[in-house]
Amino acid sequence: ENWFDLRIAALDVETTGFHDEEDDRIIEVGIVTFERGEIVEKWGSFVNPGRSIPEVVVKLTGITDEMVASAPGFDGVAAAVAERLTGVGVAAYNLSFDRRFVRTELRRVGYDWPDDAPCLDPLVFVRQFHKEHSTQKLGAVAERLGVKLEQAHRAVDDAEAVGRILYALTDD
């Protein structure tokens with residue numbers, strides 16, 4: 001099946017760190033659903049990680065403990081996440097990171113990552129087609145491709161950029 005014909009859920013998470021199996025948790029999740037390059041749904045939520053957000057993460061994302069204090073834990077958004085990732089192709093920039101965190105969080109609350117979902121990582125294509133550029137960071141790639149990225153390191157905005165970058169690479 002041609003990936004372009006699939007409904008695509010572009011996924012991004014912001015986290016307290018890099019270690020999903022240890023203390024680090026998701027603090028924001030964003031899923032932007034596309035059909036043939038057009039957005040059909042934007043969804044996102046802060047997630048209370050049950051721990052303080054390290055200062056380095058606050059500086060990077062702008063997400064503070066106060067912003068997530070009244071947000072649900074991942075168990076409160078898991079059903080919405082699982083529903084949006086079922087029956088679609090899933091795209092994420094550096095997919096292994098986002099998938100690892102979401103899979104771990106879903107398992108903790110009794111859900112499964114949709115292992116039958118076709119997965120796409122635009123970073124793989126960028127590394128192949130943009131070799132001559134010194135950086136493959138999401139923001140830099142978005143700028144090169146003329147993709148608007150409202151607020152980097154915020155889940156819904158990054159997820160939208162991921163989807164738009166994927167479709168911008170279609171001809172490549």
Side-chain angles (χ1 to χ4, degrees), residues 8-34 41-127 135-142 149-166:
I8 301 289
L11 167 70
D12 186 73
V13 296
E14 302 302 329
T15 66
T16 60
F18 299 109
H19 306 288
D20 60 300
E21 294 288 345
E22 296 173 19
D23 291 341
D24 291 318
R25 296 291 188 269
I26 292 173
I27 58 175
E28 186 179 31
V29 60
I31 300 172
V32 178
T33 306
F34 291 82
E41 182 190 42
K42 287 186 186 184
W43 177 88
S45 179
F46 283 126
V47 177
N48 188 325
R51 59 165 288 196
S52 65
I53 300 171
E55 189 59 33
V56 66
V57 174
V58 173
K59 286 180 182 174
L60 179 68
T61 65
I63 301 170
T64 65
D65 289 332
E66 294 77 23
M67 294 167 76
V68 301
S70 62
F74 194 83
D75 59 336
V77 300
V81 170
E83 176 185 327
R84 284 171 175 82
L85 298 180
T86 299
V88 298
V90 179
Y93 205 79
N94 192 12
L95 174 70
S96 62
F97 179 85
D98 296 88
R99 178 174 44 198
R100 193 174 73 235
F101 264 91
V102 172
R103 176 180 275 147
T104 298
E105 293 282 15
L106 286 170
R107 279 187 192 147
R108 283 187 179 120
V109 295
Y111 287 88
D112 292 314
W113 173 269
D115 285 322
D116 59 343
C119 292
L120 299 159
D121 186 344
L123 178 57
V124 171
F125 302 125
V126 168
R127 286 180 175 153
T135 182
Q136 283 85 32
K137 290 184 178 181
L138 182 67
V141 173
L149 177 54
E150 282 291 323
Q151 198 170 1
H153 302 291
R154 292 303 301 273
V156 172
D157 291 337
D158 282 357
E160 181 176 343
V162 166
R164 294 199 185 281
I165 287 169
L166 179 65

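Being a predicted model, the structure only gives us computed values, none of them experimental.
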Look up atom [atom1] in [X] and atom [atom2] in [Y], then write down how far apart they are to the nearest 0.5 Å.
X     : Y      : atom1 : atom2 : value
Thr61 : Gln151 : OG1   : CD    : 9.5 Å
Glu28 : Thr15  : CD    : OG1   : 11.0 Å
Ile53 : Thr16  : CD1   : OG1   : 8.0 Å
Asp23 : Arg51  : CG    : CZ    : 6.0 Å
Asn94 : Arg100 : CG    : CZ    : 8.5 Å
Leu11 : Asp158 : CG    : CG    : 11.0 Å

Quick one: closest heavy-atom pair of [X] and [Y], and the distance?
X      : Y      : answer
Ile26  : Phe74  : CD1-CE1, 3.9 Å
Leu85  : Ala117 : O-CB, 4.4 Å
Ala69  : Asn48  : O-ND2, 3.1 Å
Ala159 : Phe34  : O-CE1, 4.4 Å
Ala92  : Pro122 : O-CD, 3.4 Å

Inset, instruction - Would you check if the side chain of Asp121 reaches a backbone N or O of Leu95 as a donor-acceptor pair within less than 3.5 Å? - result: yes
Legend entry - Side-chain donor or acceptor of Gln136 paired with backbone N/O of Val126 under 3.5 Å: no
Set of side chain to side chain contact (heavy atoms under 4.5 Å, CB included) partners for [X], sequence neighbours left out:
X      : value
Lys42  : Val32, Ile39, Val156, Glu160
Ala142 : Val147, Leu149, Ile165
Glu21  : Thr104
Phe125 : Phe129, Leu166, Leu169

Inset, instruction - Kindly check if the number of other-residue, nucleotide or ligand heavy atoms within 6.0 Å of CZ (Arg108) is above 12? - result: yes
Inset, instruction - Return yes when atom CG of Asp65 has more than 12 non-hydrogen atoms of other residues, nucleotides or ligands closer than 6.0 Å, and no otherwise. - result: yes
Inset, instruction - Measure the shortest side-chain to side-chain distance between Glu105 and Val109 over non-hydrogen atoms and say whether it is less than 4.5 angstrom. - result: no
Inset, instruction - Answer yes or no: is there a side-chain heavy-atom contact under 4.5 Å between Val58 and Glu55? - result: yes
Legend entry - For Phe101, ring-ring contact (aromatic ring centres under 6.0 Å, His included) partners two or more places apart: Phe97
Inset, instruction - Go through Ile63 and His153 one step at a time and tell me if the side chain to side chain contact (heavy atoms under 4.5 Å, CB included) criterion holds. - result: CA-CA 9 Å; Ile63 301 170; His153 302 291; over 6 Å; no
Inset, instruction - Check the pair Asp115, Arg103 against salt bridge (Lys or Arg N to Asp or Glu O under 4.0 Å), reporting the backbone distance first and the verdict last. - result: CA-CA 10 Å; Asp115 285 322; Arg103 176 180 275 147; 2.7 Å; yes
Legend entry - Residue from Val57, Val47, Ile27, Asp98 passing side-chain contact (heavy atoms from CB on, under 4.5 Å) with Glu14: Ile27
Legend entry - Candidate list Asp12, Val81, Val88, test side-chain contact (heavy atoms from CB on, under 4.5 Å), partner Ile31, passing option: Val81
Inset, instruction - Kindly indicate, with the supporting measurements, whether the criterion side chain to side chain contact (heavy atoms under 4.5 Å, CB included) is fulfilled by Leu138 and Val162. - result: CA-CA 8 Å; Leu138 182 67; Val162 166; 4.1 Å; yes
Inset, instruction - Quick one: which residue pairs count as a side chain to side chain donor-acceptor pair (under 3.5 Å) with a foot in residues 76-89, not counting sequence neighbours? - result: Glu41-Arg84
